[in-house]
Amino acid sequence: MQFNTSIAGIALATPICNASGVMCTTDEQLSQLAFDPTIGGIFTKSCTIEKRVGNPYPRYFAATASSPSINSMGLPNAGIDYYIESAKRFGHIKPVFLSVAGLTLQENMDIIKRIDENDNSMISGIELNLSCPNVPGKPQIAYDFDAIDETLRRVFEIHHSSKLPLGVKLPPYFDPIHFEHVADLLKQHPVKWVTCINSVGNGLVIDPIHETTVIFPKSGLGGLGGAAIKATALANVYAFRRLLPFGIDVIGCGGITRGMDIFEHILCGAQAVQIGTLMQDQGLSAVQKCLTEFNHIMTLKKYTSLDDFRGKLNVVEQQTEIDAARDPSCYFEVRSRKNIFP
Ligand code: RRO
């Protein structure tokens, strides 16, 4: 089975990466990702120039069967210089992408300048995070379309002569006009990939027994992750894959808890996937299980490479109202799928 893929032309042995934020803040965590063959590429924790401790605790609550994960970490990170050194340590093992989330446009430019002016031969690319939902007083850049344009214009003014590919991490969008608007903006800059999606911002998970929120910062509001956000993630992957030219890859992120979810993201057009909540809550062994399941699914479908099905989602055939009422195929389809695939 061929799992190999690429992001911005950078080869990955498997399509599975961590979502920035998970198991990627310290070198101890990054080394686990580096030495696990399930992981094709590494994204470091979104960083600022200086290190940050992040928001007060409790700031993460794991997903359950009936609720998403919620986080308001508040960008705890070791600072850009640390991650430049991490890439030197782990970049010869597999691709390492540095995630950047300055609190201002100037800070984003300063961080990118720092990367470009350092020895960056072991860095595979830069993911500019335009969608952190958790820094009090700092709205998500990517919900302000003029700010996206201005940010990319200024960032590429300083980054244009660098060989390092730069992608952006986007929040979920919920309206076709927003997909189109953002895609039109991105096409005007040399962006090499988009990661869809960051957590669904400013949700609320509560504990009805104790009648409290489950996290402390922002009165309990935080970014949602886990199975509950998969449909939103897939919609964003599918929309951006269709709207963007093929020189811009789409990385799928959101709601992956089993092998079929990886298959679905790639079917919608993802070049690779990032896994967040599952890795955070259940560790690397759960991610390894996903890859095993994904392997079984490809085998059963007689696919030998990701290119065989990437982006090949079809729209279901139209039916008349009468046929739709009579036709139980959807029901059986779901049942048979359940029987065949783990
Ligand atoms: O650190 C965080 O609170 C955080 C970030 Br930077 C992000 O991009 N997404 C998220 O869910 N949490």
Side-chain angles (χ1 to χ4, degrees), residues 17-26 29-30 42-63 67-80 82-83 97-105 107-108 111 126-144 147-148 151 166-173 193-205 213-230 232-233 236 251-256 274-281:
C17 304
N18 65 303
S20 174
V22 177
M23 287 188 70
C24 62
T25 302
T26 64
Q29 296 169 331
L30 290 164
I42 299 174
F43 287 78
T44 55
K45 171 65 188 171
S46 291
C47 72
T48 44
I49 285 272
E50 302 297 336
K51 69 176 180 197
R52 282 170 58 88
V53 295
N55 290 340
Y57 293 79
R59 59 190 189 183
Y60 182 79
F61 194 81
S67 101
S69 67
I70 184 165
N71 87 84
S72 183
M73 308 303 288
L75 212 37
N77 75 90
I80 182 57
Y82 183 94
Y83 299 112
F97 300 88
L98 299 197
S99 174
V100 169
L103 297 183
T104 61
L105 172 53
E107 188 175 5
N108 277 324
I111 298 170
I126 299 172
E127 183 170 88
L128 181 60
N129 184 353
L130 301 178
S131 47
C132 175
N134 297 332
V135 180
K138 296 279 175 193
Q140 295 171 72
I141 297 168
Y143 284 140
D144 175 342
I148 297 178
T151 301
L166 187 146
V168 293
K169 184 142 185 181
L170 298 176
Y173 297 101
W193 76 87
V194 296
T195 301
C196 303
I197 57 176
N198 207 321
S199 55
V200 175
N202 298 294
L204 181 61
V205 174
T213 66
V214 295
I215 57 172
F216 173 79
K218 288 178 80 174
S219 306
L221 299 188
L224 307 179
I229 74 164
K230 184 181 74 174
T232 300
N236 279 258
I251 302 177
C253 181
I256 293 175
Q274 296 180 352
I275 300 185
T277 294
L278 181 76
M279 199 184 285
Q280 178 67 36
D281 295 353

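All ligand and atom numbering here is 1-based and tracks the order in the structure. Quick caveat: nothing in here was measured; it's all calculated off a predicted structure.
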Would you mind reporting whether [Y] and [X] have side-chain heavy atoms less than 4.5 Å apart?
{"X": "Thr151", "Y": "Val168", "value": "no"}
{"X": "Thr195", "Y": "Ser131", "value": "no"}
{"X": "Cys24", "Y": "Leu30", "value": "yes"}
{"X": "Glu127", "Y": "Ser46", "value": "no"}
{"X": "Thr25", "Y": "Tyr83", "value": "yes"}

### Message
Just checking Lys51: does its NZ atom have more than 12 heavy atoms from other residues, nucleotides or ligands closer to it than 6.0 angstrom?
### Response
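Counting neighbours around NZ of Lys51, 12 or fewer heavy atoms of other residues, nucleotides or ligands fall under 6.0 Å, so no.
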### Message
Under 3.5 Å between any N/O of Pro133 and any N/O of ligand 1: does that happen in this structure?
### Response
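No, there is no polar N/O contact under 3.5 Å.
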### Query
Backbone or side chain, does any N or O of Leu75 fall under 3.5 Å from an N or O of ligand 1?
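Leu75 vs ligand 1: N/O contact under 3.5 Å present.
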### Query
Relative to the heavy atoms of Asn129, which atoms of ligand 1 are at a distance of less than 4.0 Å?
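Counting from 1, the qualifying ligand atoms are 6 (Br), 7 (C), 8 (O).
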For ligand 1, is any non-hydrogen atom under 4.0 Å from [X]'s backbone (N, CA, C, O), its side chain (CB onward), both, or neither?
{"X": "Ser20", "answer": "neither"}
{"X": "Lys45", "answer": "side chain"}
{"X": "Val135", "answer": "neither"}

### Query
Is Gly74 in contact with ligand 1, taking contact as a heavy-atom separation below 4.0 Å?
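Contact check Gly74 vs ligand 1: positive.
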### Message
Which option wins on minimum heavy-atom distance to atom 10 (C) of ligand 1: Gly276, Gly223, Ser199?
### Response
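Among Gly276, Gly223, Ser199, the closest heavy atom to atom 10 (C) of ligand 1 comes from Ser199.
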### Query
Among Asn77, Asn134, Val200, whose heavy atom sits nearest atom 4 (C) of ligand 1?
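It is Asn134 whose heavy atom sits nearest to atom 4 (C) of ligand 1.
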#### Entry: Aromatic plane relationship, Phe97 with Phe43 - under 30° parallel, 30 to 60° tilted, over 60° perpendicular
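Parallel: the ring planes of Phe43 and Phe97 meet at under 30°.
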Could you identify the single nearest non-hydrogen protein atom to [atom] and state the distance to 0.1 Å?
{"atom": "atom 5 (C) of ligand 1", "result": "Cys132 SG, 3.4 Å"}
{"atom": "atom 9 (N) of ligand 1", "result": "Asn198 OD1, 2.8 Å"}
{"atom": "atom 12 (N) of ligand 1", "result": "Asn71 OD1, 2.9 Å"}

### Message
Can a side-chain donor-acceptor contact be found between Ser20 and Asn18 if the only test is distance below 3.5 angstrom?
### Response
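Absent: no donor and acceptor within the cut-off.
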